[in-house]
Every structure is written in C-alpha cells, then in structure tokens.
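Report on the following structure.
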Amino acid sequence: MSLNTSICEYIGKIIPKERMLFKEPMSRHTTFRIGGDAECMVLIEQEEELLRLVPYLHQIGQEYFILGNGSNLLVGDKGYRGIIIKLGEGMNRITVEEERIHAQAGALLSQTAARARDAGLSGMEFAAGIPGSVGGGVVMNAGAYDGEMKQIVESVKVMDKEGKILILDNNTMEFGYRTSIIKNRPFIVLEVVFRMHPASGEEIQEKMDDLMQKRQSKQPLNYPSAGSTFKRPEGYFAGKLIMESGLRGYRIGGAQVSDKHCGFVVNVGKATAADVKEVIEEVQERVSDRFHVRLEPEIIFLGDF
C-alpha cells in the first residue's frame with residue numbers, strides 16, 4: 001500500500017514533521033552502505049509514539065519495517081515502498097540496577113557492553129564488537145565467540161501490533177541459533193533487561209580487547225558489510241564451504257566474497273543490492289552443487305531489487 005496524503009497527515013499528528021523523511025536513501029542507514037530510497041522514514045524518539053503509530057498502520061494495512069542500526073539488512077536498489085520506523089536517540093537509554101542492565105531497543109550493543117564494563121558487570125563482552133542494536137540483537141539472538149543474547153537476557157519488553165505491552169522472560173523468548181520467538185511473531189522490542197555478574201573493569205576490558213583482536217585479524221572490517229552473510233549450517237562452517245567451492249574473492253560489480261573471510265560478502269566499492277544478491281545466489285548454488293548443503297542467508301532482504 002503506497003502512502004497517501006491522509007496517512008501522512010495522520011502520522012504528522014504523532015511524529016513532528018522534522019522527523020518525517022521522504023525519499024530517504026537507505027544507503028545512509030545500513031552498514032552495507034547500500035539501498036534505494038524509503039518512501040517515508042519516521043524517527044521515533046519516544047515509546048508513546050510507537051504505541052500510537054504501529055496499531056494505526058496495522059489497522060489500515062500499511063506496510064512498515066522497524067529499523068535499528070541496519071547492520072543485518074540489505075535494501076533493494078529500487079527502495080522500499082512503505083514506512084521505515086527508525087528508533088532514534090530517544091530510544092537508546094541504558095541504565096544500571098545492581099547486576100542488571102536495562103537497555104532500550106535503540107541502544108547499540110557496543111554502547112551497552114561498554115556501560116556494563118564501566119559498571120563492573122561481565123557477560124556481554126562478546127557483544128562489544130557487534131555493530132547492531134539491542135532490539136535487533138535480541139530478535140536474532142546475536143552472538144559471537146561462544147557468547148549469545150540467550151545467555152544474558154533476563155526479560156524483553158515488547159509491543160504487539162495492536163499496541164499491547166508484554167514482558168517475555170528468557171524461556172518464553174524461545175532463543176535458538178540466530179532466532180527467537182520474535183522472528184515469527186509481530187512483536188516490536190522496546191526494552192531488554194540483561195542479567196550479568198560482577199567482575200573488575202580491567203578484566204572485562206582485557207577480554208573485550210582480546211575478542212576485538214580476533215575480529216580484526218579474521219574479519220574484513222575495512223569494508224562495509226552486513227557481518228556474517230550466512231547462518232552456520234549444521235555440522236559445517238559456511239566460510240569453509242565457500243572457500244572450498246573456489247569462491248574466495250568471487251566478485252560481481254562492487255560486491256565480493258571476502259578474501260579474508262569467505263563467510264562475508266563485502267561492498268568493495270559502489271556495490272548495488274543486485275550485485276550482493278547475485279553473489280549470494282551464486283554462492284548458494286555452487287556450495288549446494290558441490291556439498292549438497294543449502295546455505296541460508298543471515299541477512300534480511302527488504303524492498304524491491
């Protein structure tokens with residue numbers, strides 16, 4: 001459903017005009033630095049704005065997408081004909097309460113990990129180098145180096161499409177490998193409570209530094225990407241399968257299988273979304289042909305390609 005004047009007028013009663021962006025290039029809002037224009041982007045600064053906006057959009061059948069840091073997202077070159085709801089700076093509050101960290105969905109995982117360190121709380125070191133937001137990280141049970149959200153999330157405050165607020169505990173979240181109950185339900189993460197344990201700031205920083213060194217030595221951090229492109233297939237490593245399929249450095253346009261880590265497709269210069277999508281499809285096909293393993297993308301495809 002395309003936007004019309006009445007929809008825009010209604011949204012303008014909830015969101016100030018200066019926080020409504022039309023024909024907004026999504027390349028400005030994704031870590032891939034790729035993507036056509038969003039028909040409309042609204043910047044959310046208060047929970048109350050979401051509570052009023054989302055039920056209305058659902059009621060009229062208007063397509064929308066909740067955006068955090070855009071770190072796991074590929075937006076098509078032809079853009080997105082709907083409303084991008086981006087969580088702004090007013091939705092990134094982080095507070096400490098004894099051994100718990102309360103973080104709003106728009107807070108970055110790196111910021112939250114740093115706040116935990118400063119409070120002498122350990123358990124989130126693995127997330128210090130993940131470029132995503134708290135909301136996105138919880139939805140996909142983000143993880144790295146034997147750590148994942150499942151290990152530290154105590155509860156998640158969510159809103160359903162009708163504006164009802166729910167509190168989901170760790171078990172209810174149904175965390176799995178790069179998934180959670182929210183991947184299959186129309187819930188929007190508002191806030192997360194992390195439960196950690198005390199440790200010295202020096203010890204926590206040392207672990208963060210060690211993990212960052214590992215990232216820098218093994219991952220192509222010098223190029224825009226959406227992080228690890230494929231989920232790890234059971235019993236295999238995606239990067240190894242891709243490398244053994246002869247695809248290290250494989251390139252279409254500005255998109256390339258990283259020659260540093262084959263599990264990453266990177267933007268080496270002016271890549272289009274179509275370039276990236278073609279590389280991903282070629283990788284899937286060749287790995288399937290050689291190893292009879294179907295690689296499943298970890299990234300979200302959004303909009304028209």
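Keep in mind that this is a model prediction, so the values were computed, not measured. Start at 1 with the first residue, then count along the sequence.
Stacking of Arg286 on the aromatic ring of Tyr250 is recorded, both the 6.0 Å distance cut-off and the 45° axial limit being met. Note that Arg232 lies in the cation-pi zone of Tyr177, set by a 6.0 Å cut-off to the ring centre and a 45° limit from the axis.
Annotation: Glu281, atom CD; neighbour count of heavy atoms from other residues, nucleotides and ligands within 6.0 Å is above 12. Under a cut-off of 6.0 angstrom, the local environment of CD in Gln216 is crowded, with over 12 non-hydrogen atoms contributed by other residues, nucleotides or ligands. Enclosure of atom CG in Asp289 by more than 12 non-hydrogen atoms of other residues, nucleotides or ligands within 6.0 angstrom is indicated. Within a 6.0 Å sphere centred on CD of Glu18, heavy atoms belonging to other residues, nucleotides or ligands number more than 12. The local environment of NZ in Lys150 is sparse, with at most 12 non-hydrogen atoms from other residues, nucleotides or ligands closer than 6.0 Å. More than 12 heavy atoms of other shown residues, nucleotides or ligands fall within 6.0 angstrom of atom CZ in Phe187.
No continuous path of ILVMFWY side-chain contacts below 4.5 Å connects Leu241 to Met243, so the two sit in separate hydrophobic clusters.
Neither side chain, Gln213 nor Asp209, offers a donor N or O lying under 3.5 Å from an acceptor on the other.
Ring geometry, Tyr80 versus Phe65: the interplanar angle exceeds 60°, so the pair is classed perpendicular (tilted spans 30 to 60°).
Under a 3.5 Å cut-off, the side chain of Ser288 and the backbone N or O of Arg294 do not form any donor-acceptor pair.
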Apply the test salt bridge (Lys or Arg N to Asp or Glu O under 4.0 Å) to residues Lys240 and Glu244: give CA-CA distance (whole Å), side-chain angles for both, the deciding distance (0.1 Å), then the verdict.
CA-CA 6 Å; Lys240 189 169 186 292; Glu244 292 180 355; 2.6 Å; yes

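Side-chain atoms of Gln256 and Asp259, non-hydrogen and from C-beta on, do get closer than 4.5 Å to each other. Residues Gln62 and Ile7 are in side-chain contact: their nearest non-hydrogen atoms beyond the backbone lie under 4.5 Å apart.
Atom CD in Glu63 sits 10.0 Å away from atom CD1 in Ile83 (nearest 0.5 Å). With rounding to the nearest 0.5 Å, the separation of CD1 in Ile130 from CG in Leu211 is 10.0 Å. Separation of atoms CD1 (Ile84) and CG (Leu67) is listed at 6.0 Å; rounding is to 0.5 Å.
Considering only residues two or more places apart in sequence or on other chains, Asn141 meets the side chain to side chain donor-acceptor pair (under 3.5 Å) condition with Glu148.
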